[in-house]
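Structure record follows, encoded as structure tokens.
Order of listing sets the numbers, starting from 1, for every ligand and every atom in it. Since this is a predicted model, take the numbers as computed values, not measurements.
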Amino acid sequence: MSLISFFSLRIAWAVFKLERFPTARPFLQASMSDLRFDPVSGQWALIAPHREHRPVELLPVEEVRKRSVCPFCGGNESETPEALAVYDSKGAALKTSDPAGKQWLSRVVPNKYASFGSADVESNGHAAAPCHHRGPFIASSLPGPQELVIPTPRHVSSLSELNDLETHVLWQAAQDRIALMHAGGQARHAMLFMNCRSQAGASLEHVHVQLMGTPVVTDYLAGRVQRNRDCLQRENKTLVESIVAWELQENHRIVSRSENFTVLCPFASRFAYQTWIVPNQRDVSFVDLDMQQRNELGLLCRTMTGRLEQQLNNPSYNMLLQIAPFEESADDHWYVEILPRTTRSAGFELGTDLWVNPMPPELAAEHLRTS
Ligand SMILES: [Zn+2]
């Protein structure tokens with residue numbers, strides 16, 4: 001039995017025997033609303049279950065416009081820039097870029113339509129030029145590396161459609177590329193994310209994960225870091241650790257718990273069926289996960305996106321790896337967040353950053369436990 005097969009069996013068993021939590025009572029009555037603050041993100045959410053039945057609340061599923069030639073499918077490698085890394089059909093990283101035989105399982109390519117400037121040309125490998133003032137404004141032309149991980153040559157659109165090996169290699173590639181981005185000094189923070197289907201911002205249907213290195217630490221990230229630091233000083237626990245401990249005690253919003261990860265719907269969910277996958281150990285960074293932990297994370301992401309698709313009829317969704325800026329990674333308690341995009345942001349949300357969510361996370365967790 002190969003090493004991958006051995007770990008696949010172990011992980012499959014671990015996921016199968018995930019602790020099932022008893023059904024929680026609905027937390028809110030249908031006519032009630034609840035204004036809630038998320039201490040991690042610093043954002044408010046208005047849980048308003050009576051709005052669930054508004055006739056225009058749910059968005060139609062709109063598929064991404066299909067192209068005649070998919071640049072990410074096997075055989076179409078010339079449609080993308082040359083690969084930065086290639087993993088073969090056994091999950092091994094190849095030393096060369098695109099192989100002549102085109103037998104690959106996963107490719108990492110530069111983003112052809114990058115938002116930031118080129119890191120290689122402008123910074124020579126280092127985030128160099130600082131921000132500068134323009135009157136009352138601050139601006140920067142700092143570059144930021146941007147890459148795409150294509151986890152399969154097969155034309156599928158969601159994480160839930162990847163097989164075991166593709167899932168394992170995707171997360172291995174994510175670890176490798178974030179570690180390289182950190183070591184290269186080209187960015188202060190790495191944002192790994194996936195946009196699935198049009199309402200989540202996907203422009204291509206073929207499943208792919210994006211990695212963007214940002215040269216600045218935004219207020220949003222700095223706020224998360226500061227709130228976590230405050231909690232560590234106050235309670236000797238990370239903020240996320242403190243939240244998970246409370247949620248396990250309350251048992252209203254826990255979906256599952258295994259040896260390495262806890263899945264929950266956060267208290268102040270801004271989106272219906274918003275889901276966190278949190279490592280139980282606070283001191284293991286994402287790039288330091290061992291093979292078993294990494295594979296378990298990948299299979300949990302696949303399982304949870306599959307359950308969301310079952311519950312919500314294949315919604316658009318975003319998946320985000322929430323990690324701290326590199327300089328703050330020692331005290332970080334990272335997690336994966338899945339955001340189904342079944343509701344539309346409108347003037348109120350844009351003007352206040354307060355999101356209205358018609359699905360109480362207590363009910364969402366109950367549905368996800370039993371689906
Ligand atoms: Zn394709």
Item to check | Test: Glu328 and Arg229 ion pair at under 4.0 Å | outcome: yes
Next on the checklist: Check this for me, if you would: do Glu327 and Arg188 make a salt bridge, where the nitrogen-to-carboxylate-oxygen distance has to be below 4.0 angstrom?
Outcome noted: yes
Checklist entry - For residues 208-221, which residue pairs qualify under side chain to side chain donor-acceptor pair (under 3.5 Å), counting only residues two or more places apart or in two chains? => result none
Next on the checklist: Inside 2.8 Å of the Zn ion (ligand 1) but strictly below it, how many protein N/O/S atoms are present?
Outcome noted: 4
Next on the checklist: Is it the case that the side chains of Asn318 and Asn195 hold a donor-acceptor pair, with the cut-off being a distance below 3.5 Å and no angle test?
Outcome noted: yes
Checklist entry - Do Val109 and Glu147 come within less than 4.5 Å of each other through their side chains, counting heavy atoms only? => result no
Checklist entry - What's the shortest heavy-atom distance between Pro361 and Ser269, and which atoms? => result CB-OG, 3.6 Å
